[in-house]
Protein chains: 2
Amino acid sequence: MAKRSVRLSRDTLIGCAMDLADAEGLEAVTIRRLAQENGVTPMAMYWHFNDKDSLLDAMAEHLITSVDLPEPTEEPWDVQLRAILGAILAALRPHPPAAGLAMRRVLNAEPGLKLAERVLELLSRAGLDPHRSANAATFLLCSVISLVAAEFTNRPEPEDQEHLVRQKKALLEALSPERYPRVIAAAPDLVNCFGQDDYFELNLDLLVQGVRALR
Amino acid sequence: MAKRSVRLSRDTLIGCAMDLADAEGLEAVTIRRLAQENGVTPMAMYWHFNDKDSLLDAMAEHLITSVDLPEPTEEPWDVQLRAILGAILAALRPHPPAAGLAMRRVLNAEPGLKLAERVLELLSRAGLDPHRSANAATFLLCSVISLVAAEFTNRPEPEDQEHLVRQKKALLEALSPERYPRVIAAAPDLVNCFGQDDYFELNLDLLVQGVRALR
DNA sequence: CCCGCAACTGTACGACGTACACCCGGTGCG
DNA sequence: CGCACCGGGTGTACGTCGTACAGTTGCGGG
């Protein structure tokens, strides 16, 4: 579509790939498609990225870099932890299809390392020994990511998204009411909660409070 | 490899697909490969499954069906919730590469609905209103799944798994120690914690305690 | 015996990642 | 001023994937 402005740069390609993912899902991010979108041969991509996986790496790094990590303060550890998790969430939410890319790759680049260091420090301040801190930190990061990424791995085309949601909700509500009363009552929330503000708020609280309860 | 015994059945195919995923990762589960593994033409698969996605659906359903959901007891809600999450974990752990399939598909079949109903009921007993119950239930299921699935989305060949782990750990330990002291100290745990018993135990506790703290 | 249908085959198409060979045009150096 | 270099891009080709469409088997019941 978009013709080549003058020269391709790695960063514009990454941005283009993110837009593609946001608009049509991660499966639309393709070497060929990315090339076509920039009016260029597929093989041209290999000048900027070693292979497709390193394109995905770059997207993940872009995502992690966009986390606006709050500076350390004198507030208690749980407030700060909550703020960090919130910052990660805020960075990922605009890009649900790409969010999952960040999972395996947090520790690949400097911003992710800084992030991990901060989380580990806060967990240690919360009273967790190093081993448990590491485990909990890993899990916290994974959880926040999956908060955003869930249900968007392999999303359908954006327009029948709403249609499918409606359909699934109807399907749930057609269940035998004596067997699954709560599922039926909760159908709208179960189907629709992804992407809602209070879904994120509630579960970030859950995580932070869970850490506190570990002692 | 394995020749056709006499006739193919949907269930044996699903089992074969799970074995394939366990042995070589989810990306090895291919219509063509599954056919070849059973000494048959790729197109033969389309008699048993509408398309690849419905094969994945079937694998997810198989996984969820294998959860040995404990019967309701008179124990307090948190004990029971913990038991249920543990049961899900136990069912998923033998199949890390396929675990992620269960995310979007829990509510597709009867066993998953039963599971959701039980969780919702326990959360309500914990004092959460229906809306928060639905949100928390969704998140709890996603989290348990991502406990297992994390780091195994797109795993490499099984033999250099260990090699990569070693490499990554070395890479982490080579960082500037004044900047990332905790990351470096935790390097073995950060890289290696996936699949460890205490990683799962700790984080299930975190989740259940987190729910309790929501009031 | 043979007919029907469940189960499987054969061939083909378009999309994907990517190896390998080639080439163009601007920049720096003699 | 000319030319060689090389960063960035082209063209072609291969093997793999999912799967559409049409044909073929063989077994069980009339």
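Note on naming: letters A, B, ... go to the chains in the order of the sequence lines (proteins, then strands), and numbering restarts at 1 for each one.
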Would you call B/D197-B/R93 a salt bridge at under 4.0 Å N-O? yes
Taking CG from B/D53 and P from D/dT19, how many angstroms apart are they, rounded to a whole number? 8 Å
Of A/R32 and A/T41, the one whose closest DNA chain D nucleotide lies more 5': A/T41
Considering only heavy side-chain atoms of A/D51, the closest of D/dG9, D/dT19, C/dT18 is C/dT18
To the nearest Å, give me how far apart CD (A/Q36) and P (D/dT10) are. 13 Å
A/W47, nearest nucleotide to its side chain (from C/dC8, D/dG8, D/dG9): D/dG8
Can you measure B/F49 atom CZ to C/dC8 atom P for me and round it to whole angstrom units? 12 Å
From CG of A/N38 over to C1' of D/dG8, roughly how many Å is that when rounded to an integer? 14 Å
Which whole-number value in Å describes the distance from B/K52 NZ to D/dT19 C1'? 12 Å
Rounded to whole angstrom units, what separation is found between the CG atom of A/N50 and the P atom of C/dT18? 10 Å
Between A/R82 and A/E201 (salt bridge meaning N to carboxylate O under 4.0 Å), is one present in this structure? yes
State plainly whether the residues B/E173 and B/K169 are in salt-bridge range, i.e. N to O under 4.0 Å. no
Do NZ/NE/NH1/NH2 and the carboxylate oxygens of B/R33 and B/E24 come within less than 4.0 Å? yes
Distance test, side-chain N/O of A/H48 to OP1/OP2 of D/dG7, below 4.0 Å: no
Would you say A/T30 reaches C/dC16's phosphate, i.e. side-chain N/O to OP1/OP2 under 4.0 Å? yes
Rounded distance in Å - CE (A/M43) to P (D/dG7): 17 Å
A/I31 atom CD1 is separated from D/dT16 atom P, nearest whole Å, by 19 Å
